[in-house]
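To start, the structure under review is shown below, and the notes come after it.
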Amino acid sequence: MIVTETAEKIKSMEIRGAGRIARTAAEALRVHATGCVTNDPVTFRWEMEAAAQTLVATRPTAVSLPNAVHIVMAGLKDAPTAREARDGVIERATKFIETSREAVGKIARIGARHIRDGDVILTHCNSEAALSCIVEAHREGKKIEVFATEVRPRNQGLVTIRTLNAAGIKTNFIVDSAVRSFINDVDLVIVGADAVTVNGAVVNKIGTSQVAHSAHEARVNVLVAAETYKFAPRTILGELISIEERSGEEVLPDEIARTLENVTVRNPAFDVTPAEYIDLIVTEEGAIPPQMAYIIIKEYLGWGIEEFHKAFEINTKHEE
Ligand code: RUB
């Protein structure tokens, strides 16, 4: 029940943002494990795997979701009893939720160091991690001003400006297409991430790459705030991040779209910003240039190319 309800909320975007999605999925697995009363470890594992699959299938882009599920489910196979398996899931889920919250606080403090007194910052979409840096800089007494985009079609910018307003930060609210007109008034762009690939590309809300492109052209630095669990291990194998395409109705009501027989409404929810347009990625482990993404995947997520070979039993030795 909790799993289907959570999956629905993630799909409908009642729960959104890569960090919140990950924590909510971990919480759903924790509750599901607690309520799964079987004494058979195999049945327990099957039930947990089915729940994990339902959650992972909700939104395809935010890699925080499969990463969180992977962390919570790790070691399930090796637990000798259902009780140990259950305790393990509960413990890992609790720890994940806790460290995910702490990570935002650490990112805030590290990110704020890169914001100077007097800076004008532009942000796109609604990222808890990105906003935490901005709010922390303000809390430290730096006099800052923000440009926040509207974020068509789901208007996440509204959530952003409410947070900034509540923190007492001077904010300008602009339509997405006004970014280039204002970029010369901006000192720093700060955005969040749904996924970071091994080559340092950042997948984030549609429009982020246009923002970063404008910033690059205007020589404005781009900082990405992303917890280590938003880095995508499988990109080591060349796997691409799949970009969610949502219903066209979010962009144009069906009753209008239906009258335009030659028009197809396209609604990709995310885009990819190449590493060349990004100056720094702020993680809870420190700030890194995007080209160092592999280090995060290997050292902090524990996935090196060797782990993939082991996990997928890829035989690297030539037959004699
Ligand atoms: C949200 C979005 C956010 C990232 C990071 O997209 O693109 O920038 O998820 O957010 P959506 P956070 O609204 O489609 O989920 O820093 O909060 O994890």
Side-chain angles (χ1 to χ4, degrees), residues 6-27 55-56 58-68 96-97 99-112 121-136 146 148-164 176 179 189-197 201-212 222-232 241-247 250-251 267-273 278 281-284:
T6 305
E8 267 322 304
K9 285 184 185 164
I10 296 176
K11 251 191 229 160
S12 67
M13 291 174 63
E14 187 180 329
I15 295 162
R16 47 148 299 281
R20 283 190 195 89
I21 290 174
R23 284 195 295 275
T24 314
E27 174 60 18
L55 291 165
V56 168
T58 51
R59 291 196 78 189
T61 303
V63 78
S64 56
L65 176 58
N67 277 352
F96 176 80
I97 295 167
T99 50
S100 162
R101 290 212 178 95
E102 284 166 9
V104 176
K106 288 184 191 159
I107 288 173
R109 291 187 289 280
I110 300 169
I121 300 155
L122 186 141
T123 191
H124 180 61
C125 197
N126 177 253
S127 156
E128 188 184 33
L131 277 179
S132 73
C133 304
I134 298 172
V135 172
E136 173 62 18
V146 177
T149 50
E150 183 184 24
V151 194
R152 278 274 293 152
R154 296 291 298 248
N155 304 320
Q156 286 94 330
L158 214 54
V159 186
T160 295
I161 58 171
R162 287 201 179 107
T163 304
L164 293 167
D176 303 337
V179 167
V189 169
I190 307 184
V191 290
D194 281 84
V196 181
T197 69
V202 167
V203 182
N204 192 49
K205 180 53 54 194
I206 191 79
T208 302
S209 68
Q210 281 180 189
V211 171
V222 175
L223 189 152
V224 174
E227 297 86 328
T228 48
Y229 64 83
K230 291 175 184 165
F231 286 64
I241 304 288
S242 69
I243 301 291
E244 175 183 9
E245 179 142 5
R246 297 185 60 87
S247 156
E250 290 183 344
V251 177
N267 185 20
F270 300 96
D271 66 18
V272 184
T273 301
I278 298 159
I281 303 181
V282 177
T283 78
E284 71 276 20

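When a ligand or atom number is given, it counts from 1 through the structure's own listing order. Residues: numbered from 1 along the sequence shown.
One finds the CD1 atom of Ile134 at 8.5 Å from the OG atom of Ser127 (value rounded to the nearest 0.5 Å).
Under the side chain to side chain donor-acceptor pair (under 3.5 Å) criterion, Glu102 pairs with no residue at all, not counting sequence neighbours. Taking Ser209 as the reference, Asp271, Thr273 meet the side chain to side chain contact (heavy atoms under 4.5 Å, CB included) condition, with sequence neighbours excluded.
The number of heavy atoms from other shown groups lying within 6.0 Å of CD (Gln210) does not exceed 12.
Protein residues lining ligand 1, listed by chain and number: Met13, Arg16, Gly17, Ala18, Gly19, Arg59, Cys125, Asn126, Ser127, Glu128, Ala129, Gln156, Ala193, Asp194, Asn204, Lys205, Lys230, Phe270 [non-hydrogen atoms, distance under 4.0 Å].
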Would you be so kind as to tabulate the donor-acceptor pairs closer than 3.5 Å made by side chains of residues 17-26, with sequence neighbours excluded?
from	atom 1	to	atom 2	distance (Å)
Arg23	NH1	Ser100	OG	2.8
Arg23	NH2	Glu128	OE1	3.1
Arg23	NH2	Glu128	OE2	2.9
Thr24	OG1	Arg20	O	2.6

Full working for side-chain contact (heavy atoms from CB on, under 4.5 Å) between Lys11 and Met13: CA-CA 5 Å; Lys11 251 191 229 160; Met13 291 174 63; over 6 Å; no
